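Following: one structure in structure tokens, then a few remarks.
Lettering follows sequence order; numbering is per chain, from 1. Just so it is clear, the model here is predicted, and its values are computed rather than measured.
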Amino acid sequence: MTTEREHAAYDFAYVQEKWLPVWDKIEPFKSGRADDPRPKKYVLDMFPYPSGDLHMGHAEAYALGDVIARYWAQKGFNVMHPIGWDAFGLPAENAAIKRNEDPKIWTYENIAVQKASMRRFACSFDWDRVFNTCDPEYYKWNQWLFLQLHERGLAYRKDSAVNWCPDCQTVLANEQVVAGLCERCDSAVTKKKLNQWYFKITDYADRLLDDMEQLEGKWPEKVLMMQRNWIGRSTGANVDFQIEGMPDPVTIYTTRPDTLYGATFFVVAADSELAAKLAAGTEVEKEFKQYLDSVKAASDIDRLATDRPKTGVFLQRYAINPVNGEKLPIWASDYVLADYGTGAIMAVPAHDQRDLDFARAMKLPVRVVVETGEEDPNETGVATGGDGKLVNSGSLNGLSKAEAIAQINAQLEKDGLGKAARNYRLRDWLVSRQRYWGTPIPIIHCPKCGEVGVPADQLPLLLPDAAGLDLKPIGQSPLAAATDWVNVACPKCGTAAMRDTDTMDTFVDSSWYYLRYPSSTNHNEPFSRTDVDTWLPVDQYVGGVTHAILHLLYSRFFTKVLFDMDMVSFNEPFTRLLNQGMVLMDGSAMSKSRGNLVRLSDELANHGVDAIRLSMVFAGPPEDDVDWSDVSPAGSVKFLTRAWRLSGDVTSKPGVDFSTGDISLRKATHKALHDAAFAVESFRFNVAIARVMELVNATRKAVDSGCGPADPAVREAVEATAIMLSLVAPYTAEEMWDRLGHQPAIALAGWPVVDEKLLVADAVEAVIQINGKIKERLEVAPTITDAELEAQALALPAIVAELAGATPVKIITRAPKLVNIVIPN
RNA sequence: GCCCCGAUAGCCCAAUGGCAGAGGCAGAGGACUUAAAAUCCUCCCAGUGUGGGUUCGACCCCCACUCGGGGCACCA
């Protein structure tokens, strides 16, 4: 029966070539067969950007996601594990400019390359559901959704000082600016006053925050925390201040209305309209304008330096403190932000560090109104933020911070001077981009009708052909040059009108793609309600933590909008989330310039797909970074070979009755199955593999020097090993399954049912301690009672001797594991 | 500056408050071999970053600190 081939060393290349075509035929991971009775599970990996061939990071991410998908398939679920490509975006466009060709060509070529690599990498993807976001069939629905948001007032245009990347020559969302730099190219981001499209994500701030309760314990705590910080809800009060010589009051926002009596001056954001209005016609108008120019010239980087000195201009105007009628000088400064709160604040230098810094710089008075027990801020220069008794505060005197806030809020509301209010750090999502390779915004600007949506029956609004367009970034969308495309008649009134020439942020594409997979071939709607109700929400999402805020927040926002549109019945898209770490080399991220790049294709050629997947999964907890210099793909090959060899040692026939097998090996098998399943379900894949390694070691021993290869327990152990290995090493597992005399595909063999009776050990070792120190060990039955164990322990000669007649103060017994006898020292 | 996470053997990592070691890498020795490779077997190595506390008992819980990683950053 055995061939020469099987006696040779394990040949991973041969095995890979052997099984790929077989799987293509069987399609073990096709989901959605109409008559499939299995319960459903949706396992999703974040889709890749086609920037070249797959790299080590992809290998890790998809190896981890595949463990989960394949595990649930083995557990009898109808798993949908789809893949597609996030295919619009700047890299394609930049490559196109460099090569002077259509970004479409570069993109689809790369997709083909990645697709071939992924197939060889043997992920359990359902290849029938693939789509690319740059397919007109997909971006049609991007446009449709944009129009839905537009109709609901959730997509709107406004003039604003936006983040501008001078290198990419496009605007950036707040989320794409990292420490003042463009997240893509690291150029210093500047501000530019532009009219741009926004999605009103701020309308959903409270729900985005409060619904996180559902995700508690199911998403990494880190991600939830990052989103909470990003949304940044604060509670406080809006208070109206009259301005001397002005008809209308100015509203300020404060989180500390209890300190109203401590306000000694008033600050408005220098770049706000309010500041310009207050400065207009005063003697200092010129000085103010000079200051404003200097503020505008400062880059984000400069602004972000928190330790830079406070600057500002006194506007020669006064605000009246509504609680005590005091005149507060009004200053314009850049330490107050125009787009947070109302762009104006009351300054309470005693209890706010920034106000104190400003007060000291401008020689303004400081008045303590809360006795916190800390040192006087007048002397230390350190504002006191703690709780304490209110002083110098009229009717608030003697109250605590919380009491004072409640009382002043009530009083302000009663007097019509203010009320409790909330603010958010979150800003609306800027979605328009001045670049070519994206979804065209389906709006026509009509001189008569204004913003008119492209009629639904004209979607998709196709991108104009790149041929003839100059894609080089010039600060204006290249689409503007496609005059035939731009000039259209208004769909409403027929007047000559112009198309919007901007394209959408690619994060729009990825905000709903997970809804499309179940309906990927639906030509009539973005997704069908039936499909979505069948498969969604995603049971398990797997991807990098880099998207903790951007993609995951936008997707949650989209889901809530669609919920409000009654298009989906859930309000959170991803029930569980796993963030995998990065793949490093010698402690740092791999990069060509650093010279520590490890090529995935080389690793696969040298060690085989299974060994690379195994190395990734076994390297440590999935959320930790993997340093490739710490792992041993050669060690993985060795282990796989060891497991594979066992499949050739089994001499019993398939279907043999396991119940007569060697009991100790059977126990090892069932314990491994039980523990590995538990480990996988708790995302401790490295531990699961350790359990399989143990079983392989135990089986090796049983074959060589134990029950021998003919024992049914050996077959049971090797079959279990193959099934468990199928989660990480599909080729090796399939080959083992074949050698064991089974038909493919092992992926659907099913996780063997664990016999609880085999999980109970015959005897366990109890530890006998005196004052917490181990003195003796005792073999006992696992069913022993506390009383029995205690009696046996106290009768042990060594313990009797150790006690030397002393009377135990206390005896703690935890049968069958331990007895701790406490005696006075 | 604020917030979060982590620290266990030469290295990567395990341990429902109950024997610090599951697994692997690296290393040493042995068996097999004419020899080497491969394979198999055996072995070495820390008392859990530091200092306190709670507990019969702490890697695990609490407090303070050190170091490392990450997030936010003039958000009133």
[X] side-chain N/O to [Y] backbone N/O, donor-acceptor pair under 3.5 Å:
X: Asp675(A); Y: Ala688(A); value: no
X: Asp428(A); Y: Thr202(A); value: yes
X: Asp334(A); Y: Val295(A); value: no

Of all heavy-atom pairs linking Ile812(A) and Arg814(A), the shortest is CG2-NH1, 3.7 Å
Closest non-hydrogen atoms of Leu789(A) and Ala766(A), given as atom of the first, atom of the second and distance, are CD1-CB, 3.9 Å
Starting from [atom2] on [N], measure out to [atom1] on [X] and report it in whole angstrom.
X: Leu614(A); N: C12(B); atom1: CG; atom2: P; result: 19 Å
X: Asp339(A); N: A76(B); atom1: CG; atom2: C1'; result: 13 Å
X: Lys701(A); N: U39(B); atom1: NZ; atom2: C1'; result: 16 Å
X: Lys671(A); N: G23(B); atom1: NZ; atom2: P; result: 12 Å
X: His547(A); N: G71(B); atom1: NE2; atom2: C1'; result: 16 Å
X: Leu789(A); N: G18(B); atom1: CG; atom2: C1'; result: 13 Å
X: Ile689(A); N: C12(B); atom1: CD1; atom2: P; result: 18 Å
X: Leu224(A); N: C5(B); atom1: CG; atom2: P; result: 12 Å

Name the nucleic acid region contacted by [X], choosing base, sugar-phosphate or nothing; use a 4.0 angstrom heavy-atom cut-off, strictly under.
X: Arg691(A); value: base
X: Lys222(A); value: sugar-phosphate
X: Lys638(A); value: sugar-phosphate

Between [options], which nucleotide gets closest to the side-chain atoms of [X]?
X: Ser632(A); options: C19(B), C25(B), C13(B); answer: C25(B)
X: Ala690(A); options: A76(B), G23(B), A73(B); answer: G23(B)
X: Asp334(A); options: A76(B), A22(B), C74(B); answer: C74(B)
X: Arg684(A); options: A15(B), C3(B), C19(B); answer: A15(B)
X: Ile774(A); options: G18(B), C19(B), A76(B); answer: C19(B)
X: Asn697(A); options: G24(B), C25(B), G18(B); answer: G24(B)
X: Asn686(A); options: C41(B), A14(B), A76(B); answer: A14(B)
X: Lys817(A); options: G24(B), U16(B), G70(B); answer: U16(B)
X: Glu765(A); options: C13(B), C19(B), U39(B); answer: C19(B)
X: Met226(A); options: C11(B), A73(B), G71(B); answer: G71(B)

For a 4.5 angstrom cut-off between non-hydrogen side-chain atoms, does Val767(A) reach Val819(A)?
no
Notebook entry, point to check: Side chains of Phe683(A) and Pro621(A): does their closest heavy-atom pair fall under 4.5 Å?
Noted result: no
>> Does the structure place the NZ or CZ of Lys310(A) under 6.0 Å from the centre of the six-membered ring of Phe358(A), at an angle of no more than 45° from the ring's axis?
In response: no
When rounded to the nearest Å, what value does the distance between [atom1] atoms of [N] and [M] take?
N: G10(B); M: G17(B); atom1: C1'; result: 31 Å
N: C45(B); M: C12(B); atom1: C1'; result: 15 Å
N: U33(B); M: G18(B); atom1: C1'; result: 49 Å
N: U16(B); M: U54(B); atom1: P; result: 25 Å
N: C61(B); M: G1(B); atom1: C1'; result: 29 Å
N: A31(B); M: U66(B); atom1: C1'; result: 50 Å
N: A7(B); M: A15(B); atom1: P; result: 11 Å
N: G23(B); M: C65(B); atom1: P; result: 39 Å

Under a 3.5 Å cut-off for both distances, is [N] Watson-Crick or wobble paired, and to whom?
N: G57(B); value: none
N: A28(B); value: U42(B)
N: A73(B); value: none
N: C67(B); value: G6(B)
N: U48(B); value: none
N: U34(B); value: none

Discussion item. Ring centres under 6.0 Å, that's the criterion: do Tyr340(A) and Tyr424(A) meet it?
Written reply: no
### Task
State yes or no: are the ring centers of Tyr554(A) and Trp429(A) separated by less than 6.0 Å?
yes
Glycosidic torsion of G23(B) (syn if within 90° of 0, anti otherwise) classifies it as anti
Please tabulate, one pair per line, each protein N/O and nucleotide N/O from nucleotides 54-60 of chain B that are separated by under 3.5 Å, including the distance.
{"unit_1": "C56(B)", "atom_1": "OP1", "unit_2": "Lys810(A)", "atom_2": "NZ", "d": "3.2"}
{"unit_1": "C56(B)", "atom_1": "O2'", "unit_2": "Asn820(A)", "atom_2": "ND2", "d": "3.4"}
{"unit_1": "C56(B)", "atom_1": "O2", "unit_2": "Asn820(A)", "atom_2": "ND2", "d": "2.3"}

The answer to which of Ser234(A) and Gly635(A) contacts RNA chain B further toward the 5' end, by nearest nucleotide, is Gly635(A)
Closest to the 5' end of RNA chain B, once Arg645(A) and Ser636(A) are matched to their nearest nucleotides, is Ser636(A)
Tyr340(A) side-chain N/O to A76(B) phosphate OP1/OP2 under 4.0 Å
yes
### Query
Closer than 4.0 Å, any side-chain N/O of Arg425(A) to the OP1 or OP2 of A73(B)?
yes
Q) With a cut-off of 6.0 Å (strictly less than), are more than 12 heavy atoms of other residues, nucleotides or ligands near CD of Glu623(A)? A) yes
Any donor-acceptor N/O pair under 3.5 Å between C74(B) base and Lys310(A) side chain = yes
